[in-house]
Peer 1: 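Before anything else, here's the structure in question.
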Number of protein chains: 2
Amino acid sequence: MFNRRDNIKEVEEGKYLAPKFDKYGLIPVITTDFHTGDILMHGYMNDEALKKTIENKEAYYWSRSRNEIWHKGQVSGFVQKVKEIRIDDDQDSIFLSVDIGKGASCHVGYRSCFYRSIPLGKIKNDKKIEMEFKEREKIFDPKKVYNKEPSPTKL
Amino acid sequence: MFNRRDNIKEVEEGKYLAPKFDKYGLIPVITTDFHTGDILMHGYMNDEALKKTIENKEAYYWSRSRNEIWHKGQVSGFVQKVKEIRIDDDQDSIFLSVDIGKGASCHVGYRSCFYRSIPLGKIKNDKKIEMEFKEREKIFDPKKVYNKEPSPTKL
């Protein structure tokens, strides 16, 4: 199904899909909102998740916290309908454009996982860096949706 | 400079920057075009690259092929002027919005590294998957720009 990676020119300029999975069998994935272009999340897929995503036109990831294939939206209901999949020059990262309607992609409840902005400029002598919230309204209440689930966030 | 990661609520809902670097000291980075919102590339930073990017307002990455800090554009001239930096819910991935003018971000010569689209739908019995080129015109000739440099692509 996937082409062999034995030629740099072919990987970069060829037309055959030859993804590079890392030593854990994963490839990073950038997911954007098909309607707005906004970045929603950053995740990972293994080969099975990539195949399922291509064939079912819904996003499947590899959950590194639960160590299993993760059909996004199975708990929250916010399934990601895949409109396009692209791969980069050396075929070691994937980009999905998805339709989530008026839903959310972030387990904290925001539409996008990237709701905080880091200020630019000189960092003051090892002082903590204070971020600005760019999303204020949560789309859903995570306590209600993920009642019994542990947080996927790892410290 | 970076807050301690000892509380999930604080990492997810707090205002202090507390990035999670992986066991190699790296955090993945999504880079988008400030003007169009298009995804340009996927890279990695270590703590020093992140600090330099915040302070100098130009993108620095960690080159995994050369194992060194990489001030993007030093060879090609296509420096990335950083307009905004965001971090995600569990603070283990970064998103940069950058201005590259009419330049390119891809060492193959295209504006974006994501110039190939993977067709959706049933995969035919282990047949190779043929992609579609979404960018046709290269912005520069990589042979001229990277004359003596080895390709960063790893097989």
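Source: prediction; values computed, not measured. By convention in this document, chain letters (A, B, ...) are assigned in the order of the sequence lines, proteins followed by strands, and residues within each chain are numbered from 1.
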Peer 1: Please look at A:N56 and chain B and tell me whether the side chain, the backbone, both or neither of the residue comes under 4.5 angstrom of a heavy atom of that chain.
Peer 2: neither
Peer 1: Is A:M45 reachable from A:Y60 through a run of I, L, V, M, F, W or Y residues, each pair having side-chain heavy atoms under 4.5 Å apart?
Peer 2: no
Peer 1: Of the listed residues (B:R4, B:Q91, B:M41), which shares the most heavy-atom pairs with chain A below a 4.5 Å separation?
Peer 2: B:Q91
Peer 1: Does any N or O in the side chain of B:R86 come within less than 3.5 Å of the main-chain N or O of A:K134, such that one atom is a donor and the other an acceptor?
Peer 2: no
Peer 1: Say you draw a straight line from CD1 of B:I129 to CD1 of A:I85; how long is it, rounded to the nearest 0.5 Å?
Peer 2: 9.0 Å
Peer 1: With chain B, which of A:G37, A:S93, A:C106, A:P152 has the greatest number of heavy-atom pairs at distances under 4.5 Å?
Peer 2: A:S93
Peer 1: Only pairs of heavy atoms separated by less than 4.5 Å count here; which of A:K57, A:K83, A:E132 has the most with chain B?
Peer 2: A:K57
Peer 1: Stepwise, does the side-chain hydrogen bond (donor to acceptor under 3.5 Å, both in side chains) test hold for B:D89 with A:H107?
Peer 2: CA-CA 8 Å; B:D89 44 18; A:H107 75 277; 3.3 Å; yes
Peer 1: Is it true that B:L40 and B:I139 fall in one hydrophobic cluster, defined by side-chain heavy atoms closer than 4.5 Å?
Peer 2: no
Peer 1: Looking only at heavy atoms, which of residues 110-124 of chain A get nearer than 4.5 Å to chain B?
Peer 2: A:Y110, A:C113, A:F114, A:Y115, A:R116, A:S117, A:I118, A:P119, A:L120, A:G121, A:K122, A:I123
Peer 1: Going from CZ on A:R5 to NZ on B:K154, what distance comes out if it is rounded to the nearest 0.5 angstrom?
Peer 2: 11.5 Å
Peer 1: Is it possible for you to say whether A:V75 and B:I8 belong to one hydrophobic cluster, with membership spreading through side-chain heavy-atom contacts below 4.5 Å?
Peer 2: no
Peer 1: Contact part of A:K52 toward chain B, heavy-atom cut-off under 4.5 Å: side chain, backbone, both or neither?
Peer 2: neither
Peer 1: Would you say A:V82 and A:I54 are hydrophobically clustered, going by side-chain heavy atoms of ILVMFWY under 4.5 Å?
Peer 2: yes
Peer 1: Measure B:K128 against the heavy atoms of chain A and call it side chain, backbone, both or neither at under 4.5 Å.
Peer 2: both
Peer 1: Which atoms of A:E135 are under 4.5 Å from chain B, going by heavy atoms: the side chain, the backbone, both sets, or neither?
Peer 2: neither
Peer 1: Can you tell which part of B:D6 gets under 4.5 Å to a heavy atom of chain A, answering side chain, backbone, both or neither?
Peer 2: backbone
Peer 1: Using a heavy-atom distance cut-off of less than 4.5 Å, which residues of residues 11-22 of chain A contact chain B?
Peer 2: A:V11, A:E12, A:E13, A:G14, A:K15, A:Y16, A:L17, A:K20
Peer 1: Only pairs of heavy atoms separated by less than 4.5 Å count here; which of B:N7, B:T32, B:T53, B:I30 has the most with chain A?
Peer 2: B:I30
Peer 1: Among the options A:T36, A:N3, A:I39, pick out the one with the most heavy-atom pairs lying under 4.5 Å from chain B.
Peer 2: A:I39
Peer 1: Could you check B:V108, B:T153, B:L155 and say which one makes a side chain to side chain contact (heavy atoms under 4.5 Å, CB included) with A:D90?
Peer 2: B:T153
Peer 1: Can you tell me how far CE of A:M131 sits from CD1 of B:I87, rounded to the nearest 0.5 angstrom?
Peer 2: 6.0 Å
Peer 1: Are more than 12 heavy atoms, taken from residues, nucleotides or ligands other than A:E68, located less than 6.0 Å from that residue's CD atom?
Peer 2: yes
Peer 1: Is there a chain of hydrophobic side chains (I, L, V, M, F, W, Y, each step under 4.5 Å between heavy atoms) that links B:Y44 to A:L26?
Peer 2: yes
